Amino acid sequence: MQDIDYTRMGMRIRLARKAKGWSQDMLAKKCGISMSFLGHIERGTRIMSLETFVNICTALSTDADELLWGVAHPSDSRLVDMWGRQEKMDTDSYSMYVRIMKSVAKIMNEAPR
């Protein structure tokens with residue numbers, strides 16, 4: 001099992017927040033936490049509850065894996081959006097795309113940092 005690097009996770013949260021053009025205060029309000037606590041989370045100096053983490057993921061419209069590990073694991077629905085509706089493709093091709101994307105994500109997650 002991987003150890004969570006709270007400093008890197010905080011950095012990813014900060015980058016996702018800034019990519020949306022939001023201030024710390026704006027994200028903190030959306031998540032129901034103080035701006036001070038969000039600052040600690042972004043610096044990795046405080047550990048948030050699971051509920052706060054879920055609220056941050058929801059507010060930023062991002063996957064937990066992306067914030068935790070820095071690797072997005074696309075859901076099947078995202079793959080369907082990328083490759084077209086499943087009913088338009090034969091099942092074997094769609095399954096192959098899903099396996100390829102999951103393999104790439106796994107390789108990227110295991111790469112040395």
Side-chain angles (χ1 to χ4, degrees):
M1 189 161 110
Q2 286 183 306
D3 290 335
I4 297 172
D5 184 333
Y6 291 99
T7 303
R8 283 186 179 204
M9 182 172 59
M11 177 191 64
R12 290 183 199 106
I13 291 169
R14 179 181 295 119
L15 291 173
R17 173 182 59 78
K18 286 186 174 191
K20 289 195 171 284
W22 294 352
S23 66
Q24 280 186 332
D25 189 49
M26 187 179 293
L27 178 57
K29 285 179 180 172
K30 289 179 182 289
C31 297
I33 59 175
S34 71
M35 189 174 75
S36 173
F37 184 50
L38 179 60
H40 281 287
I41 291 169
E42 288 186 352
R43 289 188 301 278
T45 57
R46 300 258 321 261
I47 298 173
M48 68 190 112
S49 69
L50 181 58
E51 180 180 1
T52 298
F53 181 67
V54 169
N55 289 340
I56 289 173
C57 290
T58 302
L60 294 172
S61 301
T62 189
D63 293 329
D65 283 337
E66 195 168 341
L67 294 181
L68 281 168
W69 314 118
V71 177
H73 294 281
S75 66
D76 287 349
S77 64
R78 282 190 182 168
L79 292 173
V80 169
D81 290 342
M82 284 173 44
W83 300 109
R85 293 274 165 234
Q86 184 175 1
E87 50 278 359
K88 292 182 184 174
M89 302 176 63
D90 64 70
T91 305
D92 291 336
S93 294
Y94 178 75
S95 296
M96 179 182 63
Y97 289 129
V98 171
R99 285 194 312 275
I100 290 169
M101 295 305 290
K102 287 182 178 178
S103 295
V104 169
K106 182 179 178 191
I107 290 167
M108 289 177 68
N109 193 32
E110 292 173 353
R113 298 178 195 244

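This one's a predicted model, so the numbers in the text were calculated from it and none came from an experiment. When a residue number appears, it is its place in the shown sequence, counting from 1.
Following chains of ILVMFWY side-chain contacts shorter than 4.5 Å, one can reach Ile41 starting from Phe53, so the two form part of one hydrophobic cluster.
The shortest non-hydrogen separation linking Leu27 to Ile13 is CD2-CG2, 4.2 Å. Contact detail for Ala64 and Cys57: the closest heavy-atom pair is CA-SG, 3.8 Å. Scanning both residues, Ala28 and Leu38, for their nearest heavy atoms gives N-CD2, 3.8 Å.
Under the rule for a side-chain contact (heavy atoms from CB on, under 4.5 Å), the partners of Thr7 that lie at least two apart in sequence or sit in another chain are Asp5. Taking the side-chain contact (heavy atoms from CB on, under 4.5 Å) definition, one finds that Ile4 meets it with Tyr6, Met9, Leu68, Trp69, sequence neighbours left out. Listed by chain and residue number, nothing satisfies the salt bridge (charged side-chain N to carboxylate O under 4.0 Å, His left out) test with Lys18 (two or more places apart in sequence, or in another chain). In terms of the side-chain contact (heavy atoms from CB on, under 4.5 Å) criterion, residue partners of Met26 (sequence neighbours excluded) are, by chain and number, Trp22, Ser23, Lys30. Considering only residues two or more places apart in sequence or on other chains, Lys20 meets the side-chain hydrogen bond (donor to acceptor under 3.5 Å, both in side chains) condition with none of them. The side-chain hydrogen bond (donor to acceptor under 3.5 Å, both in side chains) test applied to Thr45 returns His40, not counting sequence neighbours. Among residues two or more places apart in sequence or in another chain, the side-chain hydrogen bond (donor to acceptor under 3.5 Å, both in side chains) test is passed with Ser34 by none.
Sorted by first then second residue, the side chain to side chain donor-acceptor pair (under 3.5 Å) pairs that include residues 47-60, not counting sequence neighbours, are Ser49-Thr52.
Side-chain contact between Gln24 and Arg17 is present, with at least one heavy-atom pair separated by less than 4.5 Å.
A donor-acceptor pair under 3.5 Å is formed between the side chain of Arg43 and the backbone N or O of Gly39.
When hydrophobic side chains of Ile, Leu, Val, Met, Phe, Trp and Tyr are connected at separations under 4.5 Å, Met35 ends up as a singleton with no cluster partners.
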